[in-house]
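Quick notes on the structure that follows.
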Amino acid sequence: MPFATTHTVSLHGAMGHLVDVQADVSPGQVGTTLVGRPDASLSEARDRCRMAVINSELGWPSTKRITILLSPADLLKRGSHFDLAIAVAVVAADGRLPVAQLQATAFIGELTLDGGLRCVPGVLPMVLAAAERGIARVFVPEPLAREASMVPGMDVFGMRSLAQVVAELQGEDVPEAPPVPPMSGSQLLAWRGAERLEEVDLADLRGMADAKYAVEVAAAGGHHLLLSGPKGSGKTSIAERIPTILPPLTTEEALELTAIHSLAGTLDPGDGLLTTAPYAAPHHDASKAALIGGGSGHIRPGEISRAHCGVLFLDEFPLFRADVIEALRQPLESGDVTIARREELVTLPARGMLVLASNPCPCGEYHPRASNNRCTCAERVRRDYRAKITGPLADRIDIVRHVEPVAPHEQADRFAIVEPSTVVRARVAAARLLQAERYAERSWRLNAHAPGPVLREAWPLAPEAQRLLDDELFSGRLSSRGAVRVHRVAWTVADLAAVRSGEAVTPGVEEVQTALLLRTAEPLPHRRLEVRAG
């Protein structure tokens, strides 16, 4: 029968759809027809596949009519990774390949005119989607075999050419072929988390006990954080060290993050599974598409998704464009990004920590408590600068800290207790483990992601603490959203207290007061910081 079906995957954001590539080779008007809503790059696959098959000496049925259907036909397909599946389907339909060998098998890869394979982005999410739909075997370009092998239970074949794929399917000796070049640019774009952990440490910073405690709470619960203060006070330094106190990713988080980087084309196949929390710090001139995601044609993840399960640090935040600032509202609330382009609707995860840093004025010298205030900005200019962090966005920030410059005597104190990142990371990991156990039956793992209604019903505050929170809400000092976020932070404060004491702690008045101070940027009492350090 002059008919064969192969399988591949169409990606829409991080979601993959299994596509049947059906080829029919029959007598009729000579030509090749590709149907099933292909885009421009996919329509060109007809010529690429024809020359790849001919130059692989597999014989293209040039005297017959070839019809290729990408099913489901109503799903828009784009990309060059369909090439291998199309070529194999045509070869099988022409009777040169056993159709039975194509069952439960997916083919992913771009073809060159000489029949060689080229790498394509997004292999990991494609293979994950294929595995969920019963595919047991996948053929990919050789450099991507390690990435595809991250999917448990999948039988992966890393190939260099179309001729090798056909020989493997026929059970014959695999011929030699030139190596497949790696994906260009991936080694430059991938973030080296392990190297960064070796370069910086919390022990590098003297003093700053208030800010360090706020960062520890934020890291333990996954809370968003705003650091303000004059230039040179250490805002950037402490933000850059947050990844050093984050624990390794769970297997589920690592697969999800690696899939996002694979989709974005920033994954170096030689790195394997990404197990370290990512850190992204885009320049304030970044566009909305670069930060949130999107772009013309194919939608790609933005920095907020590439920092999923890690840290997105936006330094000099008021200098970002207004449309970029306002675009952060929805992902901060929902933990994902939804991008609509014509008929395409893509949702990408974005559950990382957002850390903002801001000077108090354009010159960065304003320091209200300093005796030698050198700021030359007018009060109106300072007010307008701070107003760039709009109310709705500020309401979505869990913790706000004003970072003071470290006094000279603190810098020179050789006997001060300085905790390295490893010590703080152990407490953060233990607090996150408590949260994972608490939310074991839920779809979230951290306090920052717990929905307000569920939190109030299943994990309420102590009665006295709830009355304190209600008073702040009824007085107008807190919005309803702000009250939920204080509730979440109070649980994180309690979790860290439980780690220190070794006993279970339910958020009470002291934990809620601490959470309120963390949210309102008021200084924390020194006794609480001393208890934490002890």
Inset, instruction - Determine the minimum heavy-atom distance between Y279 and A239, stating which atoms define it. - result: CE1-O, 3.8 Å
Inset, instruction - Would you mind reporting whether L524 and L518 have side-chain heavy atoms less than 4.5 Å apart? - result: yes
Inset, instruction - Return yes when atom CD of E379 has more than 12 non-hydrogen atoms of other residues, nucleotides or ligands closer than 6.0 Å, and no otherwise. - result: yes
Legend entry - Side-chain (T347) to main-chain (T338) donor-acceptor, under 3.5 angstrom: no
Inset, instruction - Inspect the contact between E333 and R485 and indicate whether a charged nitrogen and a carboxylate oxygen are less than 4.0 angstrom apart. - result: yes
Inset, instruction - Using the ring pair (Phe, Tyr, Trp, His ring centres under 6.0 Å) rule, collect all pairs that involve residues 418-440, keeping only residues at least two apart or in two chains. - result: Y439-W444, Y439-W459
Inset, instruction - Would you name the heavy atoms of L348 and P301 that are closest together and state the gap between them? - result: CD1-CA, 3.7 Å
Legend entry - Distance, nearest 0.5 Å, that separates OG1 of T492 from CD of E216: 11.0 Å
Legend entry - Salt-bridge criterion met for R427 and E419 (N-O under 4.0 Å): yes
Legend entry - Check: V123 main-chain N/O paired with S262 side-chain donor or acceptor under 3.5 Å: yes
Inset, instruction - Please report the shortest heavy-atom distance between G452 and R488, naming the atom on each side. - result: N-NH2, 4.1 Å
Inset, instruction - Give a yes or no answer on whether the side chain of R425 reaches the backbone of T244 with a donor-acceptor pair at less than 3.5 Å. - result: yes
Inset, instruction - Verify the distance criterion only: is there a donor paired with an acceptor across the side chains of D315 and T236 at less than 3.5 Å? - result: yes
Inset, instruction - Please say whether more than 12 non-hydrogen atoms of neighbouring residues, nucleotides or ligands are located less than 6.0 Å from CD in E457. - result: no
Inset, instruction - To the nearest 0.5 angstrom, please state how far the NE2 atom of H283 sits from the CD atom of E303. - result: 13.0 Å
Inset, instruction - For R118, look at atom CZ and say whether over 12 heavy atoms of other residues, nucleotides or ligands are found less than 6.0 Å away. - result: no
Legend entry - Heavy-atom donor-acceptor pair, E511 side chain to G508 backbone, under 3.5 Å: yes
Inset, instruction - Check whether any side-chain heavy atom of R382 lies under 4.5 Å from a side-chain heavy atom of C375, and answer yes or no. - result: yes
Legend entry - Any donor-acceptor pair under 3.5 Å from E147 side chain to L124 backbone: yes
Inset, instruction - Check whether any side-chain heavy atom of V423 sits under 4.5 Å from a side-chain heavy atom of L202, and report yes or no. - result: no
Inset, instruction - Decide, yes or no, whether a salt bridge links R467 with D471 under the criterion of side-chain N to carboxylate O below 4.0 Å. - result: no
Legend entry - Under 3.5 Å donor-acceptor, E472 side chain and L468 backbone: no
Legend entry - Straight-line distance of S479 OG to L473 CG, nearest 0.5 Å: 8.0 Å
Inset, instruction - State whether the side chain of R456 and the backbone N or O of P451 hold a donor-acceptor pair below 3.5 Å, judged by distance alone. - result: no
Inset, instruction - Go through the structure and list residues passing side chain to side chain donor-acceptor pair (under 3.5 Å) with D204, not counting sequence neighbours. - result: R241
Legend entry - Test item: L314 and L291 side chains (from C-beta on) under 4.5 Å apart, heavy atoms: yes
Inset, instruction - State the CZ-NZ distance between R206 and K212, to the nearest 0.5 angstrom. - result: 8.0 Å
Inset, instruction - Compare all side-chain heavy atoms of N447 with those of R438 and state whether any distance is below 4.5 angstrom. - result: yes
Legend entry - L274 backbone acceptor or donor facing T258 side chain under 3.5 Å: yes
Legend entry - Considering all heavy atoms, the nearest D201-A203 contact: OD1-N, 2.8 Å
Inset, instruction - Answer yes or no: is there a side-chain heavy-atom contact under 4.5 Å between E253 and E256? - result: no
Inset, instruction - Mind checking the CE-NE2 spacing from M353 to H308? Nearest 0.5 Å is all I need. - result: 14.5 Å
Legend entry - Distance, nearest 0.5 Å, that separates SG of C119 from CD1 of I108: 12.0 Å
Inset, instruction - Please examine the side chains of E365 and K231, heavy atoms only from C-beta on, and report whether any two atoms are closer than 4.5 Å. - result: yes
Legend entry - Non-hydrogen side-chain atoms of L354 and I304 separated by less than 4.5 Å: no
Legend entry - Under 3.5 Å: donor-acceptor pair, side chain of K235, backbone of L226: no
Legend entry - Under 3.5 Å donor-acceptor, R481 side chain and R396 backbone: no
